[in-house]
Amino acid sequence: MPNEMTIEENVLYIEALSHALRDEMRHDPSVMLMGQDIAGHGGAFKITKGFLDEFGPQRVRNTPIAESGTIGIATGAAILGQRPVIEMQFADFISCGFNQLVNVAAKMYWRTECSVPLVIRMPGGGGMGAGAFHSQNVESWFLHSPGLKVVAPAFSDDAYRLLRSAIKDPNPVIYFEHKFLYRRERTDLKGTEIGDRVVGEANVRRSGQHLTSISWGWMTHRVLEAAEIMAAEGIEIEVIDLPVLSPLDLDPILQSIEKTEHVAITHEATRTCGFGAELAARISDEAIWNLDGPVRRITYPDSPSPFNKKLEADRIPSVDVICDGWRQALQS
Amino acid sequence: MPNEMTIEENVLYIEALSHALRDEMRHDPSVMLMGQDIAGHGGAFKITKGFLDEFGPQRVRNTPIAESGTIGIATGAAILGQRPVIEMQFADFISCGFNQLVNVAAKMYWRTECSVPLVIRMPGGGGMGAGAFHSQNVESWFLHSPGLKVVAPAFSDDAYRLLRSAIKDPNPVIYFEHKFLYRRERTDLKGTEIGDRVVGEANVRRSGQHLTSISWGWMTHRVLEAAEIMAAEGIEIEVIDLPVLSPLDLDPILQSIEKTEHVAITHEATRTCGFGAELAARISDEAIWNLDGPVRRITYPDSPSPFNKKLEADRIPSVDVICDGWRQALQS
Amino acid sequence: MMDQPANSSPSNTGAPPEVSPAAAWLDTGSDHALREMHAYMRLTREWDLRYEKMFKTGALSKWYSSVGNEAATVAAASAIEKGDALVSLHRDAGAILRHYVNIETLIPEIFPSNMNLIRQPLGGDSRERLFRLACQMLGRQHGYSAGHERSYHYNHMEPEHGLIHIGMISHLGSMIPVAAGAALSFQQQKSDRVAINFIGEGATSTGDFHEGLNIASVWKLPFILIIENNHWAFSTPTSQQYACDNLASRAIGYGMAGVEVDGNDPIAMHQVMQEAVQRARSGEGPTLVEAHVGRHRGHSEGDDSLDQVPGDELRGYLENDPMDLIETRMVNSGIVSRAWLEEIREKCAALIMEVVDEAMSMPEPEPNSDRSIHAE
Amino acid sequence: MMDQPANSSPSNTGAPPEVSPAAAWLDTGSDHALREMHAYMRLTREWDLRYEKMFKTGALSKWYSSVGNEAATVAAASAIEKGDALVSLHRDAGAILRHYVNIETLIPEIFPSNMNLIRQPLGGDSRERLFRLACQMLGRQHGYSAGHERSYHYNHMEPEHGLIHIGMISHLGSMIPVAAGAALSFQQQKSDRVAINFIGEGATSTGDFHEGLNIASVWKLPFILIIENNHWAFSTPTSQQYACDNLASRAIGYGMAGVEVDGNDPIAMHQVMQEAVQRARSGEGPTLVEAHVGRHRGHSEGDDSLDQVPGDELRGYLENDPMDLIETRMVNSGIVSRAWLEEIREKCAALIMEVVDEAMSMPEPEPNSDRSIHAE
Ligand SMILES: Cc1ncc(C[n+]2csc(CCOP(=O)(O)OP(=O)(O)O)c2C)c(N)n1
Ligand SMILES: Cc1ncc(C[n+]2csc(CCOP(=O)(O)OP(=O)(O)O)c2C)c(N)n1
Ligand SMILES: [Mg+2]
Ligand SMILES: [Mg+2]
């Protein structure tokens, strides 16, 4: 089968996802899609529009409303040679398939040495006043569940490349795609080589010597905006984006901190036991002597997401809040 | 109704749980129990043996094997005035009721101002070669889910007192009881006053000036053993036990660190995004200038629990591993 | 192999099942019953049309329409009383309005003065409830969730009036056990109250549907689950959702009562509900009601999911619009005139317009990221 | 209200349903069929008795006995072939042994040389499989999970012999969708292979039972779910687990085939399974089989859960021990003598003893906390 890559300029994040799925389905006949309304309708976000026509109803399957059953069935099929990609209609609904994911799929390889090449696409995150059940950022549950890999790209090119890698990877991969970025983020797809495994990645998206910022998903965009503002004040932020949360590539972070001596983590997930905590713990364990101040966490509070947009905006780290957090980190 | 307290010497942890349930059921007729095999059989661990006879089948209900349905039904009943206490047969099975817990029960008060006085008893933890599905320590999932309170007592007296408080509390409380302690831990029940809310508690169980140790559940007992060994070497560990993980009482921890300048967290849960990470993050955020070394985490690796006892023992922090961790923390 | 139950439904052609005759017990009062059902159905229809319009003008970011569900939901809620629990989903404005509002206090001339209402109305302030409901839809401070939750995602309790209403969370199926739990609380308290809950046919595929109904039946809870089968879940037809002839047959597997009914006929629906409520009150356990309704709109306003519905099928639904059916029936049997129906429509529309406009002018909530996640 | 299906089962009295006659297709070969079933049932019985004894002497920390389930499990596995997937639970030693082991290669004199086996055996080394199975039970390095997982919690694949076996996780119900997923892989690959899976009657209350069966039926997957209904889940009787007359009736709600069968009769069971497998292979979708078996032991060895089972009921189970039933039948119809049955018993016991002793002498795994959680 052809292993063609989409090379295109200025590609929307959401289109990058479509391209990745289509290219990988053309390349590998064992790839199949499952999810609610993904067939004729093309999914709640139309990412698989047209796929039914191209790949047929065996490979593009509408599922009943049954997240647990769907993940379980995909796991069984994956053990026996299929490569299912499941679309959660919204990331929030994963809680209904939680057991299948953390106990069946995640532990399968360790327990049995049978691999489970399964991808779960998770349209997640807030910013659109979608309320408590369509806005959550739940990566931490899965980072605390050994056996899963976790991806959360911020840019179209990473989204394309990592979705294809995730499908090729023999392990269950939880793939967080941010709804707010779907139609806002654009990058060129340059044909960067595609790995057949998801490996840790920590990418410096902007260099600076005063403070290391760590983020992923939507927040990386806010962080980059905030870094511009700080630059105008003469403060240079080193922006590290983590398109892959697990496995974690810690080295670039530690190297950056050696230079900056200050670090702040920004995430949209709620604070307690979020991935920011793990990063802060790792950093203060391995780099405490390089730190000239505490590791700051700039996060959502421990609260559900409000429907009212003003209330929601009050909780998501804004560019201002990020700048303030950094200023405090630099003062202390 | 009488609000009698059990006052008794040398009470097994498991008996403390029975006493708390019985005393609270006698006190408050709205308390009801639900769980698999809890009625005639008295539960997998016999904690409710005899309850069916005393309280009758309306208040002591065997449930079908349906964790999600059970939690949902309990939530509905709790909104309308009942105080259900659910026994998970093993803590691990909570994954099957995960959505009900984190999305329905946990968020209910914030969303609607209807309170959900619900307790879920979670016989958890390892040490008995019970394998990947009867040994897990999953507190972190719930600490990352706003709206829940989380309890994890190490001693019989705390277990008694906090189970009663948890039942009185108007919020959903996840109550981790450690199976390894059931028939090994004994303390006197002295009639300590019982709060009608679960509030943060961080209790100094041994004083020392060289290093602050934080732990909960079974690990506190290993930590206390390890502290004896260190004392013989002239190193005094301050042992802080956290019977309540959420809300968190951070102050005693910070005060202790001011004195010791070194801190180590020991937990049986897997490492990444465990509660140790949150504690480490909080501590290095708020007390970095008091620290004379990184915050150490002594934890289970990111791995499921093996069935073979030797393999399992190799993963659970042992007294030796704890001592080593402390020695390293003190050297750095 | 198991026998298939005798009364399997017609498969999902556009047309709803044949109209059942009105119940015998309603015969003498059937004029009244029709007028009562109609008034609430009309109020509900105007409620939805208003928000549909606001969605189109951009004043609202999302709307799930309950157009087509009015007969089923209004009739269902007509069967419950003070102290019963209503647990609603996203297309149940009819049930909410029927339960919250005494329409004759808002539009006094709507019924003849000698008219008997099917059930005794709840006390309390109907106008205020309706107004707060509008505020809730619009995310205003004065709404039932003070802007924290969207549309029907709220609870509202007025213990003094025996009003118990638990709203939905998004995760479909989840509310079934919760509603059964409300029924459990009645059983524990030895009261004869009941809980009713709605679900779409799509969400019958969830594990919670199964776990909730099974426990409810084993425990003989006073619980009624009404499936609003509009034959589509978002863009997914029933043929891709389930393979059984009808969903009411699932009741067999739970050992509970199961009934299939034409949800476009409020009188048939009400009869089925009355029987189910009676069964529940007398300790005989839960009932599963499958009410067939039409799919009149897209899944939510502004999406193109209606494109998936074949033209013939859609036409069938529109031709069997429960509003049209009841109005034709009322006119044909000489209960009211077309002109009077038009007057009612205008009065209902005006009331809704007034209330919604007022709600629009209300303040949004102030930032409060410290809203407590715990009851103190 | 829905009709109840006609053939509801006797309620849970001790006695199993009446013994059905052997299938017509087996008539000519029924001596052979009985001998084959019996040999594997006996091997399974001795397997369990051995571990029960080891539990009593403390050599084993936990054991879930499958005594009483042998007819159902052996007969079920007799219906599958090379390339089919077996997904087993905690009382399915019979299915595993039947599928893994060619008993005539281990005990060559067990069958007359002209005997036709119901199905063609898998290739490969039966003795080694049995031995590794024993190592698995004992947490030894040489077991299928190298000591990482307990008892039947493992997978074993021998692609070269078409052996596909997926074991359980503890969380009941979870394996139903996974097994249906194995069936999906066959459908995707356009093969005519099938997947079979077992579940206790208690675990039919889980959401995954519902979600898995519903999807399997909508997608017409080649899947068979066998309920081993021993009328108790740990200490919980069926009256506290479900309220329907029989669980096979749930098939109606999924639009799939459902059959109730006497699980103490391996010939009746095998016939039902043959039909179900045939249905699956020819694309007609899944079957739900409810096999009634007896509860002979406590939930797990050493617990007192058998105390909950009323004496009469227990006596009924013991009097209908499938081992006794088949042996009496074989002796009464003159196929074999009591003495020969005793010889078989001794040979099976000796084989198991030998294999288990050997496994006991094998090394435990070495500490390896870095065992990979990811496939590389
Ligand atoms: C557990 C869960 N999965 C997916 C969704 C997304 N979703 C929202 S509505 C809907 C379709 C519901 O169809 P149905 O139950 O038939 O109700 P209808 O909208 O037709 O009234 C879906 C799939 C959800 N809300 N919850
Ligand atoms: C989801 C889940 N909840 C609870 C348990 C605990 N548990 C183990 S076996 C068992 C009873 C099973 O009964 P049944 O399904 O009838 O099988 P049997 O043991 O009778 O063969 C229970 C409740 C579990 N394993 N999984
Ligand atoms: Mg629908
Ligand atoms: Mg059973």
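Just so we're on the same page: letters track the sequence lines, and every chain starts at 1.
- Interface residue Ser95(A): only side-chain heavy atoms are found under 4.5 Å from chain C.
- Both the backbone and the side chain of Ala130(A) come within contact range of chain C, judged by heavy atoms closer than 4.5 Å.
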Checking salt bridge (Lys or Arg N to Asp or Glu O under 4.0 Å) for the pair Lys46(A)/Asp304(C): CA distance, chi angles, key distance, verdict? CA-CA 11 Å; Lys46(A) 299 299 177 80; Asp304(C) 59 356; 2.7 Å; yes

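- Both the backbone and the side chain of Ala44(A) come within less than 4.5 Å of a heavy atom of chain C.
- Atom CD in Gln308(C) sits 8.0 Å away from atom CG in Asn62(A) (nearest 0.5 Å).
- Contact annotation for Glu67(A): neither backbone nor side-chain heavy atoms come within less than 4.5 Å of a heavy atom of chain C.
- Comparing Gly202(C), Gly207(C), Ser372(C), Pro365(C) by heavy-atom pairs within less than 4.5 Å of chain A, the highest count is held by Pro365(C).
- Heavy-atom minimum distance, Asp314(A) versus Pro367(C): OD2-CB, 3.4 Å.
- Heavy atoms only, all atoms of each residue included: Ser205(C) and Pro64(A) are closest at OG-CB, 3.5 Å.
- Expressed to the nearest 0.5 Å, how far NZ of Lys309(A) lies from CD of Glu364(C) amounts to 10.5 Å.
- When all heavy atoms are compared, the tightest approach of His134(A) to Ser170(C) is CE1-OG, 3.1 Å.
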What's the verdict on side-chain contact (heavy atoms from CB on, under 4.5 Å) for Gln36(A) and Thr236(C), showing C-alpha distance, side-chain angles and the deciding distance? CA-CA 8 Å; Gln36(A) 291 149 20; Thr236(C) 302; 5.6 Å; no

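- Closest of all the heavy-atom pairs between Ile373(C) and Ser303(A) is CG2-CA, 4.1 Å.
- If you look at His41(A) and Phe234(C), their ring centroids are closer than 6.0 Å.
- The backbone N or O of Ile65(A) sits less than 3.5 Å from a side-chain atom of Gln241(C), completing a donor-acceptor pair.
- Every residue meeting the side chain to side chain contact (heavy atoms under 4.5 Å, CB included) condition with Ala226(A), not counting sequence neighbours, appears here in chain and number order: Val319(A), Ile322(A), Cys323(A), Trp326(A).
- Asp92(A) and His171(C) make their closest contact through O-NE2, 2.8 Å (heavy atoms, listed as atom of the first residue, atom of the second, distance).
- If you take CG on Asp208(C) and SG on Cys96(A), they are separated by 7.0 Å, rounding to the nearest 0.5 Å.
- Formation of a donor-acceptor pair under 3.5 Å by the Arg315(A) side chain with backbone atoms of Asn368(C) is found in this model.
- Between Phe133(A) and His153(C), the ring-plane angle classifies as tilted under the 30° and 60° cut-offs.
- Note: Ile169(C) leads Thr206(C), Thr204(C), Ile169(C) in heavy-atom pairs under 4.5 Å with chain A.
- Closest approach of Arg150(C) to Phe307(A), counting heavy atoms only: CB-CD1, 3.3 Å.
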